[in-house]
Amino acid sequence: MQEFDLVVIGSGPGGYVGAIRAAQLGLKTAVVEKSKTLGGTCLNVGCIPSKALLESSEHYEFLKKEVNQHGISVKKPSLHLDTMMKRKQSIVSDLTRGIEFLFKKNKITRLEGFGKLKSNTEVEVTSGKKTEIVKAKYIVLSTGSLPIELPFAKWNQKTIVSSTEALSFDKVPKKLIVIGGGYIGLELGSVWGRLGSEVTVIEYASSICPGMDKDVREQLFKILGKQGINFKLESKVIKVESKKDSADVTFTNTKGKTETLNGDKVLVCVGRKPFTENLGLENLNIQTNSKGQIEVNIHFQTSQKNIFAIGDVIRGAMLAHKAEEEGVAVAEFIVKGFGHVNYETVPSVIYTWPEVASVGQTEETLKQENTPYNVGTFPFLANGRARALGSTEGFVKILAHKKSDKILGVHIIGARAGDLISEAVVAMEFEGNSEDLARSFHAHPTLSEALREAALGVHKRTRQM
Ligand code: FAD
C-alpha cells in the first residue's frame with residue numbers, strides 16, 4: 001500500500017496549490033483527481049476558458065465598433081468560432097499540462113481516479129475496475145462545486161445548458177436566455193452578446209449582482225444595457241420547456257405579470273453547490289451544513305482533526321484565489337502549526353467590459369454597521385490613460401474610516417479593474433490608510449492614477465478635470 005504524509009482529493013486551485021505548498025514544505029504528497037486533466041473547474045470549465053472567450057470576443061467587438069476611431073479601417077470582421085474555441089482549448093490544455101509539470105517538479109504523486117474516504121487515514125481510489133487504497137497521515141478534501149440545476153429546467157446539454165456547455169457552443173445562438181444575473185451569467189452573456197446573440201438575463205432580485213456596492217452595480221447595469229443586454233429584474237422563472245431546437249422560459253414579475261420568452265439556448269446560472277457525492281463523509285461522521293458545505297473550524301479541520309476541507313466545498317466565496325489561499329494555509333498549518341487566510345481582503349472581479357472589481361466593505365454594509373466613513377471617487381473619464389485606451393466608462397470608489405482613515409473597501413468599475421484592485425488588496429493587507437495610497441507614486445499616465453485620485457478624494461484633494 002502506498003503511504004503519504006498528505007493525500008489531497010481534487011486538483012482544482014485549492015487542491016493543486018495546497019499540494020505544491022505541502023510538497024515545498026517537505027510533505028510526501030499525492031493528489032487524487034477523477035478527471036483526465038488537472039486544474040479542476042477553474043482551469044477546465046471556469047475561470048480560464050471563460051476569460052479566453054471574453055478576450056477573443058472583446059477583440060471582435062473592438063473591430064466591429066471601435067477600431068475606426070483610431071483611424072484604422074478593416075473590412076467587416078468575420079467570426080470563425082471554431083478557431084476561437086480551439087484557441088480557448090489550447091490555453092486550457094497548456095495550463096493543465098503546466099500543473100502536471102509542477103507536480104513532477106515538486107515530486108507530487110498523481111493518483112487518477114475517484115477518491116473516497118475509507119477511514120481517517122485511508123483513501124480509496126477507483127479508476128474503472130481498478131481500486132487502490134492509499135494511506136495518509138493527513139487528508140485534504142478539495143472536491144469543489146457543481147452548477148445548481150433547477151428542478152423545472154433540467155439540463156439537456158442542447159437547449160437548456162449550464163456554464164460548461166455555454167463555454168463550447170458550436171454556433172452563436174440567435175437568442176440566448178440567461179437565468180441568473182450573477183457574475184458567471186454576465187460574463188457568458190457578454191461573450192455571446194458580442195458574438196451576435198440577442199441576450200436576455202432574467203434575475204430574481206431587484207438588481208444584478210446584489211452583494212456588490214450599489215453605485216457600482218447600478219453603473220454596470222446601465223453599461224451592459226447600453227451594450228445591448230436585455231434585463232428582466234424581479235422576475236421569477238416558473239417554467240422552462242424544451243422544444244426541438246429551442247426552449248420557452250416563463251417568468252412572473254412582482255406585479256404578477258407572466259411572460260414567456262423563447263431562446264435557442266437557455267443558460268441556467270443560478271449558483272453552484274458543493275460537491276461531496278460518494279466522498280465517504282458519512283463513514284467518518286464528517287458534518288455538512290444546510291448548504292451542503294463541509295463544516296470546518298478556523299484551521300479548516302473537519303470533525304476528524306487530520307482531515308481538512310478547503311475551497312468551494314466549504315463556506316465563503318466560491319473563488320479560485322480564495323481556494324488557493326486556503327490550500328496554502330492548510331499545508332502551513334500541518335507543517336508549521338499555523339496558517340491564515342485574511343477574508344477581509346478577498347477581491348472579487350467580474351470580467352465584463354468594463355471590468356468590475358471590489359475588495360472589503362461596501363457603502364451599504366458600512367451604513368448598516370454604523371461605521372463612520374469618508375468616500376473618495378474618481379471617474380475614468382478624467383484619467384489620461386483611460387482616454388488613450390478609449391475606455392472612459394466607470395470610476396474608482398474608496399471607502400476609508402472617518403477617524404483612522406484606514407481603507408475599508410475599494411470598488412472599481414472600469415478598464416482592467418481586475419488588475420487595478422490588487423493595489424487596494426495589498427494596501428488593505430498592510431492595514432493602509434487612504435493617505436498611504438494618495439502619497440504613493442503612481443506612474444503617469446496609468447489607469448492606476450485613478451486609484452490615487454480617488455484616495456486623494458477621500459480628503460477632498462482630487463485634482464479632477
Ligand atoms: P474545483 O476547481 O471545482 O476542483 C475540484 C476538483 O475535484 C475537480 O477537478 C473534480 O474533478 C475533483 N473531484 C471532486 N470530487 C472528487 C473525488 N471524489 N475524487 C477525485 N476528484 C474529485 N473563480 C475566480 O476566482 N475567478 C474567475 O474568473 C472565475 N470564473 C469562473 C467562471 C466559470 C464559468 C465558473 C463555473 C467558475 C468560475 N470561478 C472563478 C470559480 C472557480 O472556478 C472556483 O471557485 C474554483 O475552481 C474552486 O476551486 P476548488 O479547488 O475548490 O474546486
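Counting starts at 1 for both ligands and their atoms, in listed order. Just so you know, residue 1 is the first one in the sequence shown, and it goes up from there.
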Determine whether E33 and S35 satisfy the following criterion, side chain to side chain donor-acceptor pair (under 3.5 Å), listing intermediate values before the conclusion.
CA-CA 6 Å; E33 173 54 59; S35 302; 3.2 Å; yes

Any atoms of ligand 1 less than 4.0 Å from a non-hydrogen atom of [X]? List them with their elements.
X	answer
G311	52 (O)
S35	11 (O)
G115	17 (C), 18 (N), 19 (N), 20 (C)
C42	2 (O), 43 (O), 47 (O)
G14	51 (O)
I9	17 (C), 18 (N), 19 (N), 20 (C)
V45	34 (C), 36 (C)
V32	20 (C), 21 (N)

Filter on salt bridge (Lys or Arg N to Asp or Glu O under 4.0 Å), then keep only pairs touching residues 217-230, sequence neighbours left out; what's left?
K214-E218, K226-E393

Region of [X] that comes within reach of ligand 1 [heavy atoms, distance under 4.0 Å]:
X	value
C47	both
K51	side chain
D312	both
P13	both
K322	neither
L279	side chain
A323	side chain
S145	backbone

Residues passing the side-chain contact (heavy atoms from CB on, under 4.5 Å) test with N289, sequence neighbours excluded, are K291, Q293, E295

Under 3.5 Å, side chain of [X] to main-chain N/O of [Y], donor-acceptor pair present?
X	Y	value
W353	S391	no
W155	I160	no
N230	V199	yes
S242	T159	no
S119	T121	yes
H442	L447	no

Is the closest heavy-atom distance from [X] to ligand 1 below 4.0 Å?
X	value
K116	no
G113	yes
L146	no

Write out the residue and atom name of the closest protein heavy atom to [atom], then the distance separating them to 0.1 Å.
atom	result
atom 7 (O) of ligand 1	G10 CA, 3.1 Å
atom 24 (C) of ligand 1	A320 N, 3.5 Å
atom 39 (N) of ligand 1	Y183 OH, 3.1 Å
atom 3 (O) of ligand 1	T41 OG1, 2.6 Å
atom 10 (C) of ligand 1	E33 OE2, 3.5 Å
atom 13 (N) of ligand 1	K34 CE, 3.8 Å
atom 33 (C) of ligand 1	G46 CA, 3.3 Å
atom 16 (C) of ligand 1	T143 CG2, 3.7 Å

Salt bridge [X]-[Y], side-chain N to carboxylate O under 4.0 Å:
X	Y	result
E187	K51	yes
R315	E326	yes
E165	K265	no
D245	K158	yes

L319 versus ligand 1: do any nitrogen or oxygen atoms come within less than 3.5 Å of each other?
yes

N or O contact, L188 vs ligand 1, cut-off under 3.5 Å
no

Trace of the ring pair (Phe, Tyr, Trp, His ring centres under 6.0 Å) decision for F333 with F300
CA-CA 9 Å; F333 177 76; F300 307 99; 8.7 Å; no

Which of these, T126, L117, N44, I184, has its nearest heavy atom closest to atom 37 (C) of ligand 1?
I184

Which residue from G144, S50, G316 reaches closest to atom 53 (O) of ligand 1 through any of its heavy atoms?
G144

Angle between ring planes, Y138 versus F308, binned at 30° and 60°: parallel, tilted or perpendicular?
tilted

Against V216, only a single residue in I413, I350, I412 fulfils side-chain contact (heavy atoms from CB on, under 4.5 Å); can you say which?
I413

Report yes or no: is the cationic atom of K28 (NZ for Lys, CZ for Arg) under 6.0 Å from the centre of the six-membered ring of F4, at an angle within 45° of the ring normal?
yes

Before giving the answer on side chain to side chain donor-acceptor pair (under 3.5 Å), spell out for Q287 and S303 the whole-Å C-alpha distance, their side-chain angles and the decisive distance to 0.1 Å.
CA-CA 7 Å; Q287 304 298 316; S303 49; 5.3 Å; no

